[in-house]
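All of these numbers come straight from a predicted model, not from anything done at the bench.
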Amino acid sequence: MGVQKEPGQKGVSWSNIAVGAIMNMVTTLGQPLEVVKTQMAANRSQTMVQALQSVWARGGFLGFFQGLIPWAWIEASTKGGVLLFTASEIETATAAMGINPAAAGLLGGMGGGIAQSYATMGFTTSMKTAEITRHKQAAAGVKPPSTWALFFEIFRKEGIRGVNKGVNAVAVRQCTNWGSRIGFTRFTESSIRKVRGKEEGQSLGVLDKMFSSSVGGALATWNQPIEVIRVEMQNMSKEATASANRPAKLTIFNTFGYIYKENGIKGLYRGVTPRIGLGIWQTICMVSFADYVKDWVKGNQKKI
């Protein structure tokens, strides 16, 4: 994901903010996987089939796009720019120090993930999860408030902390997410170059880049427990809020203990299957495709 700068080129690449925002908007096409993943993480006794049935029952085809507008779009258009800009600059700087591509990608992804979490993702992930988990109100015959009404209601009651609930868990997730995704991707790219007899830095074909990103996206789901913890911390379903065993004030550690006590080790990995698909799609967009877009932008900047 690092920007391939020309020898002697100085300064930061501000265009990565726009590239990141555009490419991350493309990743929102994977919203159905996001919804199913969240449904399973919030309702840990459900199988994949039951989760799909639940999503369909509450909204049909459109149920698979809950939380997309406006929260996923707001999140994607902001976090993508922050991620790509921060990760690219860190990856480029560390690679220039002689650090190998996999380690540089790991550091860049970790830094970018943390930056995007605290800059934009706290309230958007919280509100997306609220949209996906609060549907039981409507089932009980009570008309649920609009998504904006819910946002202002939470803000009025709990302030900025309320709408940023679970942001620390989001930061841990994104740090490990993008550190792993980019690190594994760069390691796979380097391995392919060695097998093909190419020097480090030589370009790879589209299929090789996509394969590398697929490996990175899939392997990065090792951190699924923190994703389940994040979802539970932001869960607004009646079953969750009414549970007598659920801690009144959720932290990463007591939420982990609650999930493990209630659902065991399997509960911490609920939703990992759709998340693998989502991780592959997001990594292909934000690493492989983004590399090509950045090269195209760089090429056009030279002509100006």
Taking every non-hydrogen atom, the tightest pair across [X] and [Y]:
{"X": "Gly279", "Y": "Thr283", "value": "O-OG1, 2.6 Å"}
{"X": "Ile114", "Y": "Cys175", "value": "CG1-CB, 3.6 Å"}
{"X": "Ala290", "Y": "Val19", "value": "O-CG1, 4.4 Å"}
{"X": "Ser180", "Y": "Ala220", "value": "CB-CB, 3.7 Å"}
{"X": "Ser117", "Y": "Val167", "value": "O-CG2, 3.9 Å"}
{"X": "Thr27", "Y": "Asn24", "value": "OG1-O, 2.5 Å"}

Exceeds 12 heavy-atom contacts within 6.0 angstrom, atom [atom1] of [X]:
{"X": "Tyr260", "atom1": "OH", "result": "no"}
{"X": "Gln202", "atom1": "CD", "result": "yes"}
{"X": "Phe211", "atom1": "CZ", "result": "no"}

Tell me whether [X] contacts the main-chain N or O of [Y] through its side chain, where contact means a donor paired with an acceptor under 3.5 Å.
{"X": "Ser213", "Y": "Met210", "result": "no"}
{"X": "Gln174", "Y": "Gly113", "result": "no"}
{"X": "Glu262", "Y": "Ile259", "result": "no"}
{"X": "Thr28", "Y": "Met25", "result": "yes"}
{"X": "Gln31", "Y": "Phe64", "result": "no"}

Drop me the distance from [X]'s [atom1] to [Y]'s [atom2], to the nearest 0.5 angstrom.
{"X": "Leu107", "Y": "Thr94", "atom1": "CG", "atom2": "OG1", "answer": "5.5 Å"}
{"X": "Lys37", "Y": "Gln224", "atom1": "NZ", "atom2": "CD", "answer": "7.0 Å"}
{"X": "Ile284", "Y": "Lys209", "atom1": "CD1", "atom2": "NZ", "answer": "11.5 Å"}
{"X": "Arg181", "Y": "Ser214", "atom1": "CZ", "atom2": "OG", "answer": "12.0 Å"}
{"X": "Glu91", "Y": "Thr86", "atom1": "CD", "atom2": "OG1", "answer": "12.5 Å"}

Working note: Arg230 + Glu227, criterion salt bridge (charged side-chain N to carboxylate O under 4.0 Å, His left out); need CA distance, chi angles, decisive distance, verdict. CA-CA 5 Å; Arg230 189 274 303 175; Glu227 169 65 358; 2.6 Å; yes
Carefully, step by step, assess Arg275 and Glu34 under the rule salt bridge (charged side-chain N to carboxylate O under 4.0 Å, His left out). CA-CA 7 Å; Arg275 187 163 176 248; Glu34 173 76 24; over 6 Å; no
Just so I know, are the side chains of [X] and [Y] near enough to count as touching, which here means a heavy-atom distance under 4.5 Å?
{"X": "Gln39", "Y": "Arg58", "answer": "yes"}
{"X": "Phe184", "Y": "Leu106", "answer": "no"}
{"X": "Phe65", "Y": "Val35", "answer": "no"}

One pair to check against side chain to side chain donor-acceptor pair (under 3.5 Å): Tyr269 and Thr221. What are the steps and the verdict? CA-CA 9 Å; Tyr269 283 89; Thr221 56; over 6 Å; no
Using salt bridge (charged side-chain N to carboxylate O under 4.0 Å, His left out), reason through Asp208 and Arg193 one step at a time and then give a plain yes or no. CA-CA 10 Å; Asp208 286 337; Arg193 288 189 181 95; over 6 Å; no
Looking at Glu232 and Arg44, is any side-chain nitrogen of the basic one under 4.0 Å from a carboxylate oxygen of the acidic one? yes
